[in-house]
Each structure stands twice: as C-alpha cells, then as structure tokens.
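Worksheet: the structure to be examined is printed underneath.
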Amino acid sequence: MSNPDQSPHYEFAEKYDPEHAREYFDKHGSGFWRRLSTWREIGMARKALRIAGNPKSVLDLPCGTGRFWALLCEQPDRKIYAADNSQAMIDTGLQLRPPEAVARIAQAFQCSAFSTGLPDDFVECVFCIRLLHHIQKSEDRIRILKEFARISSGTVIVSLWVDGNFRAWRHRRKQERKARLRGTSGPRDRFLLRQEEIEAEFAAAGLEVVGHADFLKYWDKWRAYVVRPTKN
Ligand SMILES: C[S@@+](CC[C@H](N)C(=O)[O-])C[C@H]1O[C@@H](n2cnc3c(N)ncnc32)[C@H](O)[C@@H]1O
C-alpha cells in the first residue's frame, strides 16, 4: 500500500481487500449472536448521536461496508459522507447496502484517518466506529484524534475498548495467561485502553468529553465516546 503522507503503518489495515470486504459484510449480517451484537452496537451509536445533538452533517470514517448508513439516514435532513482507507470496503457497501441508504451518501471517498486532506470544520460530526482499538501507539491515536478535531465543527464520536467492565477484566486475564504459558501474549491487532488513558489522549488532541454510550454497561468493553474540539 502506498504511504505518501507518512501515515504510520498498521498491518491490520492491509487485509481489507475485495474478498475480505465481502466476508466482513456477510459476517456482520449473519448468525443470531452477531446480529444481536450489531443491533446493540447500533443502539450504542444511536445514543452517541443523540448526545452529540443529532448532527446535521456526519463523516462516517472508517465507513467500512456501511454498517451504520441506515442509522445515519434516520435523520432525514442529515448530509452523510462516507470514507475509508480501503476502496474495496467502500465499493462493497455501495454495491450491497439498500439503494435508499446509498442514495443518501453525498460523497464516498478513500482517505486515511491520519490525514484526510479535508478542510477545517468539514462536518458537524466525525463518526468513527471500530478503528481506534486497532491503533496500538498512543501517539498515533492522538494524531488521528487531532485530525478529527480539525475537521469537525461540532463533535467527534469514537468507539473503542475500555476497561472497567467484566469483558475487559476477562480479556486482560486471558492475555496474562497466554503470556505466562508462551512467554508472550502473541501478536495482537486490537487493544484495550484504560479509561483514564484515552481520556488523557482526548485532552492531548484538543478534545473534551461530552458523554459516552456503552454497549452494555459493566459487562462489555465497547464504548462510544462523544467528544468536542476545545477550539470552539
Ligand atoms: C473493523 S472495520 C470497521 C468499519 C466500520 N466502521 C464498521 O464498524 O463496520 C475497520 C475499518 O478501518 C479501515 N481503516 C484501517 N486503517 C484506516 C485508516 N488509517 N484510515 C481510515 N480507515 C482505516 C479499514 O479499511 C476498515 O474498513
């Protein structure tokens, strides 16, 4: 993959080719538990949008295959932009999502969250689901968050894994057991953060916390934070 803007390299980002995009689309729409999980995740995102004041323009980045487009369309006068690092993910969404949702996408384009190339205050809300938990280094997360703070005139919604719940405790325990048995916890491409850690990173990126929505409070590690640039 070319890297003209010196964005940090993350191996997970390379897997989203046309075949994986189709798998991702199918995986999240099939099976009882997966569908239940998607339904709950959409509920979490809907609450986050409400906390954000139901923004009139939203950039879905990374949009993946458009899992959240129907949700974003629930507000009839909302302008929706969709972007992702992987053109294959975008194309799969445009081909397979319901035409009425696709018709609402004002523009769909390939870009990196590290450096979008978009103007300051481009949208009222940047909507970022399931990206930050893949980003291992604090400095890289802060770089993405600074870019979001620059292009948002209102709020930023980011979902990620946080501690302070049962599944985070169980995840940590499994990692520790693996590390004891093998001497290493093995390669990882998803990371759990302490709440204080990510909240300090928001501050370092010029963002303040407005609120949050949990996937399932005290049980699950997914949380969507709603933050706003302090520049306003
Ligand atoms: C787990 S998927 C989440 C997609 C979507 N938000 C969802 O929840 O269905 C992660 C997405 O991040 C995209 N991605 C990876 N690195 C990126 C980057 N630096 N900038 C923008 N998108 C990136 C991938 O192409 C992939 O579509």
Side-chain angles (χ1 to χ4, degrees), residues 1-30 34-35 37-46 48-49 58-73 80-97 101-102 105 107-118 122-123 125-137 139-148 150-152 156-161 188-192 213 215 220-225:
M1 185 187 297
S2 69
N3 191 16
D5 63 356
Q6 304 296 306
S7 290
H9 175 256
Y10 278 90
E11 211 173 301
F12 86 93
E14 290 183 1
K15 68 181 174 196
Y16 298 98
D17 60 14
E19 197 183 330
H20 190 84
R22 181 64 208 229
E23 274 169 29
Y24 191 89
F25 179 91
D26 291 339
K27 182 176 82 172
H28 283 279
S30 62
R34 186 76 68 175
R35 286 158 85 107
S37 159
T38 296
W39 170 79
R40 189 53 222 130
E41 195 174 4
I42 287 171
M44 174 178 80
R46 185 181 288 113
L49 285 164
V58 173
L59 170 65
D60 181 13
L61 171 62
C63 65
T65 62
R67 267 190 329 131
F68 293 89
W69 292 349
L71 166 70
L72 294 173
C73 289
I80 305 164
Y81 298 92
D84 197 286
N85 200 39
S86 156
Q87 188 63 49
M89 290 292 270
I90 301 171
D91 291 343
T92 302
L94 294 175
Q95 281 155 22
L96 301 179
R97 293 293 163 197
V102 171
I105 308 295
Q107 225 182 312
F109 49 94
Q110 192 270 337
C111 75
S112 167
F114 287 103
S115 172
T116 59
L118 295 168
F122 177 68
V123 272
C125 176
V126 177
F127 179 82
C128 176
I129 304 292
R130 292 194 181 216
L131 175 63
L132 238 54
H133 73 308
H134 282 301
I135 306 297
Q136 181 171 20
K137 291 188 185 159
E139 72 217 50
D140 294 342
R141 289 191 294 271
I142 292 172
R143 183 164 160 193
I144 289 178
L145 292 169
K146 277 188 176 163
E147 178 65 353
F148 290 170
R150 185 185 69 75
I151 62 174
S152 169
V156 175
I157 294 171
V158 281
S159 82
L160 70 159
W161 286 357
R188 285 192 291 151
D189 68 0
R190 291 181 298 174
F191 306 90
L192 176 75
F215 184 97
D220 197 86
K221 50 196 187 308
W222 278 116
R223 166 171 289 184
Y225 276 99

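In this chain, residues are counted from 1 in sequence order. Indexing begins at 1, ligand by ligand and atom by atom, following the structure's order. Small disclaimer: the values here were computed from a predicted structure and weren't measured.
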Pocket residues of ligand 1, ordered first by chain and then by residue number (heavy-atom cut-off under 4.0 Å):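 Lining ligand 1 at under 4.0 Å, by heavy atoms, one finds F12, A13, Y16, Y24, L61, P62, C63, G64, R67, F68, D84, N85, S86, M89, C111, S112, A113, F114, I129, R130, L131, H134.
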Trace of the side-chain hydrogen bond (donor to acceptor under 3.5 Å, both in side chains) decision for D91 with Q87: CA-CA 6 Å; D91 291 343; Q87 188 63 49; 2.9 Å; yes
Spacing of F109 atom CZ and I90 atom CD1 [to the nearest 0.5 Å]: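 Here the interatomic distance stands at 8.0 Å.
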Flag side-chain contact, heavy atom, 4.5 Å: V158 against L145: yes
Side-chain touch E41/I129, heavy atoms, less than 4.5 angstrom: yes
Which residues share a side chain to side chain donor-acceptor pair (under 3.5 Å) with R223, sequence neighbours left out: Q195, H212, D214, Y225
Identified side-chain contact (heavy atoms from CB on, under 4.5 Å) partner of Y10 from the options N85, L131, D140: D140
